[in-house]
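Structure first, commentary second.
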Amino acid sequence: MTMENRNTQNLNCGCDPYLLSLVETSQEQQPVAKISNRSTGLLLASITGGAAIALSVVCFPFVAPALRRVVLPYVPASTQQVENVMKALSKSSTGGKKLIDLGSGDGRIVLAAGQRGFQSHGVELNTVLVLYSKLAAWRQRIKNATFSRQDLFKVDYTKYNNIVIFGVEEMMPELEALFEKSLTSSSQVIACRFPLPNWKPSHIIGEGIDTVWVYEV
């Protein structure tokens, strides 16, 4: 129906022309409103999807280690824990200056040992933490502190005199068995938070969650 015929029909019905014009205007604007709402919905869906993907990318390096056989959760060492580890290193009778930190996290143990003259290395599964630690070593100009993304069960322990481990209770028996067959006779193990189940420590430093157990091999 043409506009002229529709107007003629509306006048013949005896309706108010002003009210009829409002109705017609509303009908013409409805398609535009639908298109606008659909565009807004698509935009919001795109933003939400993009945010979910970005969050997954950021979180994956922290979640992925939990899918492995052995888990070393990232719990930053306290200042007192770092000091206790440094005390244990200063009392070492091995005389060795090569250190490895298993599950090095943000690198604070490795960096502190490097500042004290140790050739220190940290192994960590979390790629983000490895990159962060490398950046910290570069910023602090500690050239004898290095880091790598590596499985602790694939490390050549014969290269190191001092092994530092911030483990969890459930994994300490497996680590103890690993150390028994992998360590040289002139090395020491420094266990933090949890002791090795069967080895007798040569001495203990600190108390509570800051306790450090020192084992001479």
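Small disclaimer: the values here were computed from a predicted structure and weren't measured. Numbering of residues begins at 1 and proceeds along the displayed sequence.
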Please report the C-alpha distance between Trp213 and Ile190 in whole Å, then the side-chain angles of each, then the deciding distance to 0.1 Å, and finally whether the side-chain contact (heavy atoms from CB on, under 4.5 Å) criterion is met.
-> CA-CA 6 Å; Trp213 293 265; Ile190 302 173; over 6 Å; no
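- For the pair Thr158 and Ser182, the tightest heavy-atom approach, listed with the atom from each and the gap, is CG2-O, 3.9 Å.
- The shortest distance between side-chain heavy atoms of Glu169 and Arg193 does not fall below 4.5 Å.
- In the hydrophobic clustering of ILVMFWY residues, with side-chain heavy atoms under 4.5 Å counting as a link, Trp138 and Val128 come out apart.
- Closest approach of Arg108 to Pro76, counting heavy atoms only: NH2-CB, 3.7 Å.
- Rounded to the nearest 0.5 Å, atoms OG (Ser120) and CD1 (Ile109) are 10.0 Å apart.
- Inter-residue side-chain proximity for Tyr160 and His121 is flagged as met; some heavy-atom pair is nearer than 4.5 Å.
- Hydrophobic cluster membership differs between Val123 and Leu131, with clusters built from Ile, Leu, Val, Met, Phe, Trp and Tyr side chains linked at under 4.5 angstrom.
- Using a 4.5 Å cut-off between side-chain heavy atoms of Ile, Leu, Val, Met, Phe, Trp and Tyr, Ile142 falls into a hydrophobic cluster with Val110, Leu111, Val130, Phe147.
- No more than 12 heavy-atom neighbours from other residues, nucleotides or ligands sit within 6.0 angstrom of OH on Tyr132.
- Taken from CZ in Arg141 to NZ in Lys143, the straight-line distance is 9.0 Å, to the nearest 0.5 Å.
- The closest side-chain donor-acceptor pair between Asn161 and Gln188, if any, does not fall under 3.5 angstrom.
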Taking it one step at a time, do Leu175 and Leu152 satisfy side-chain contact (heavy atoms from CB on, under 4.5 Å)?
-> CA-CA 9 Å; Leu175 284 174; Leu152 63 86; 3.6 Å; yes
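- Val155 places a side-chain heavy atom less than 4.5 Å from the side chain of Gln150.
- Heavy atoms only, all atoms of each residue included: Pro197 and Pro173 are closest at CG-CA, 3.8 Å.
- Side-chain contact check for Ser78 and Asp210: at least one donor-acceptor pair (N or O, by modelled atom type) lies under 3.5 Å.
- Between Met172 and Gly167, the shortest heavy-atom contact is SD-CA, 4.0 Å.
- Scanning both residues, Gly105 and Leu129, for their nearest heavy atoms gives O-CB, 3.4 Å.
- Inter-residue side-chain proximity for Phe166 and Gln81 is flagged as met; some heavy-atom pair is nearer than 4.5 Å.
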Given side-chain contact (heavy atoms from CB on, under 4.5 Å), test Glu176 with Asn198 step by step and report yes or no.
-> CA-CA 8 Å; Glu176 184 179 82; Asn198 299 308; 2.8 Å; yes
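- For Gln119, the side-chain contact (heavy atoms from CB on, under 4.5 Å) test picks out Lys98, Asn144, with sequence neighbours left out.
- Neither Ile209 nor Val82 shares a network with the other; the hydrophobic side chains, linked directly or stepwise wherever heavy atoms of I, L, V, M, F, W or Y lie under 4.5 Å apart, form separate groups for each.
- Separation of atoms CG (Asp101) and CG (Asn162) is listed at 11.5 Å; rounding is to 0.5 Å.
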Stepwise side-chain contact (heavy atoms from CB on, under 4.5 Å) check, Ser133 with Glu124 = CA-CA 10 Å; Ser133 300; Glu124 170 64 49; over 6 Å; no
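- In this structure, the side chains of His203 and Ile205 come closer than 4.5 Å at one or more pairs of heavy atoms.
- For Ser202, the side-chain contact (heavy atoms from CB on, under 4.5 Å) test picks out Val214, Glu216, with sequence neighbours left out.
- Residues Ile100 and Val164 fail the side-chain proximity criterion, which asks for heavy atoms closer than 4.5 Å.
- What you find for Tyr157 and Leu178 is that their closest heavy atoms are OH-CD2, 3.8 Å.
- Between Trp199 and Phe179, the ring-plane angle classifies as tilted under the 30° and 60° cut-offs.
- Side-chain contact between Leu196 and Val189 is present, with heavy atoms from C-beta onward closer than 4.5 Å.
- Here the straight-line distance linking atom CZ of Arg116 with atom CG of Leu99 works out to 11.5 Å at 0.5 Å rounding.
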